[in-house]
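Below is one structure; the comments refer to it alone.
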Amino acid sequence: AGLSAALPALVGLSTLLYWLAGRRLAGLWIMPDEAIYAQRALDLWRNGTLPILHSNGAGYGIVYPVVAGIPLSAGSIATGYASLKLLQALAMSLVAVPVFFLGRRYMRPGFALLACLLALASPLLLYSGLVMTEVVMYPVGALALLTVARAVETAARRDQLIALVVTVVAVATRVQAVVVVAGALARLLADL
């Protein structure tokens, strides 16, 4: 019973701590990236536009503006920015879930929780206070790795489809996630 409550407790505590840390960051710190990401999110939710090709948005993913635009476009910019920091602290803390389930495939529950703690102790989680795509990429990337591992292990069409969908979401978040595709292909070729 203790282990079943430990994972949600870790996610909750991590969310609280990173939200409190993120509140200490006032304004945009990483220019022009944060300004571009915030503007794309606002444009999507307020105007229904998201330039992708042959425009200022070329090379940027679509997933982060969808997520970040929800709080940013609700109410004032100050309220939206404050709400975004809470949402992002939760999103980044959710990395513990795929890390735990991936860890459970290869180790005892206690060690899988330790892996979660290590994932949650990453300095990358401080990005939760910034308007950056890493916020969504961290948990989505971990989920993509979990689904690819499952698809390779079972070779079931359903698991392969799930892995494909999650990997597409990861690539749509940050194009650098294409390495997940390369890793999956290398693993599949190794089984031939």
Side-chain angles (χ1 to χ4, degrees), residues 11 18 30 32-45 47-73 84 87-103 105-106 115-116 118-120 122-192:
V11 170
Y18 285 107
I30 301 176
D33 294 6
E34 285 189 272
I36 292 169
Y37 296 139
Q39 188 60 52
R40 286 175 49 77
L42 287 170
D43 284 347
L44 175 65
W45 283 94
N47 307 324
T49 61
L50 187 64
I52 299 289
L53 299 173
H54 310 297
S55 186
N56 294 335
Y60 292 99
I62 189 170
V63 175
Y64 185 74
V66 169
V67 173
I70 296 169
L72 284 177
S73 65
L84 177 63
L87 175 64
Q88 291 188 153
L90 172 62
M92 287 201 86
S93 297
L94 286 173
V95 74
V97 176
V99 167
F100 177 77
F101 287 107
L102 185 60
R105 303 180 82 72
Y106 306 108
C116 292
L118 292 173
L120 293 172
S122 170
L124 181 66
L125 270 82
L126 292 174
Y127 273 75
S128 63
L130 304 172
V131 184
M132 299 291 288
T133 59
E134 287 83 354
V135 171
V136 176
M137 188 59 214
Y138 193 45
V140 169
L143 182 61
L145 293 174
L146 171 64
T147 59
V148 167
R150 172 92 177 142
V152 168
E153 180 182 291
T154 65
R157 293 281 181 231
R158 178 179 171 268
D159 292 333
Q160 292 170 348
L161 181 61
I162 291 169
L164 176 65
V165 168
V166 174
T167 301
V168 166
V169 170
V171 172
T173 303
R174 283 186 68 97
V175 74
Q176 293 89 340
V178 76
V179 299
V180 175
V181 176
L185 290 175
R187 178 64 178 115
L188 291 172
L189 290 174
D191 284 345
L192 294 179

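- With a 4.5 Å cut-off on side-chain heavy atoms, Leu120 and Val95 count as touching.
- Closest approach of Trp45 and Gly69 over heavy atoms only: CD1-CA, 3.0 Å.
- Residues Val11 and Leu90 have side chains in contact (heavy-atom distance under 4.5 Å, counting atoms from C-beta outward).
- Between Val148 and Val180 the shortest side-chain heavy-atom distance falls below 4.5 Å.
- Atom CZ of residue Arg40 and atom CD1 of residue Ile62 lie 7.5 Å apart, to the nearest 0.5 angstrom.
- A heavy-atom distance below 4.5 Å is found between the side chains of Leu146 and Leu143.
- Here the closest non-hydrogen pair linking Val135 and Tyr127 is CG2-O, 3.3 Å.
- Here the straight-line distance linking atom CG of Leu102 with atom CZ of Arg150 works out to 12.0 Å at 0.5 Å rounding.
- Minimum interatomic distance between Ala170 and Ala144 (heavy atoms only, all atoms of both residues): CB-CB, 4.3 Å.
- Looking at residues two or more places apart in sequence or on another chain, you find a side-chain hydrogen bond (donor to acceptor under 3.5 Å, both in side chains) between Gln39 and Asp43.
- Residues Gln88 and Met132 fail the side-chain proximity criterion, which asks for heavy atoms closer than 4.5 Å.
- Separating the CG atom in Leu72 from the CG atom in Leu87 is a distance of 9.5 Å, to the nearest 0.5 Å.
- Residues Tyr138 and Ser122 come closest through the heavy atom pair OH-CB, 3.6 Å.
- When every heavy atom of Tyr18 is checked against every heavy atom of Ser93, the shortest pair comes out as CD1-OG, 4.5 Å.
- When all heavy atoms are compared, the tightest approach of Val99 to Ala119 is CG2-CB, 4.0 Å.
- Residues Leu124 and Met92 meet the side-chain proximity criterion, which asks for heavy atoms closer than 4.5 Å.
- The structure places CZ of Arg157 at 14.0 Å from CD1 of Ile162, a figure rounded to the nearest 0.5 Å.
- Proximity of Met137 to Gln176: side-chain heavy atoms (C-beta onward) are nowhere separated by under 4.5 Å.
- Counting heavy atoms from C-beta on, the side chains of Tyr37 and Thr133 come closer than 4.5 Å.
- Applying the side-chain contact (heavy atoms from CB on, under 4.5 Å) test between Val168 and each of Leu164, Val171, Val166 identifies Leu164 as the sole match.
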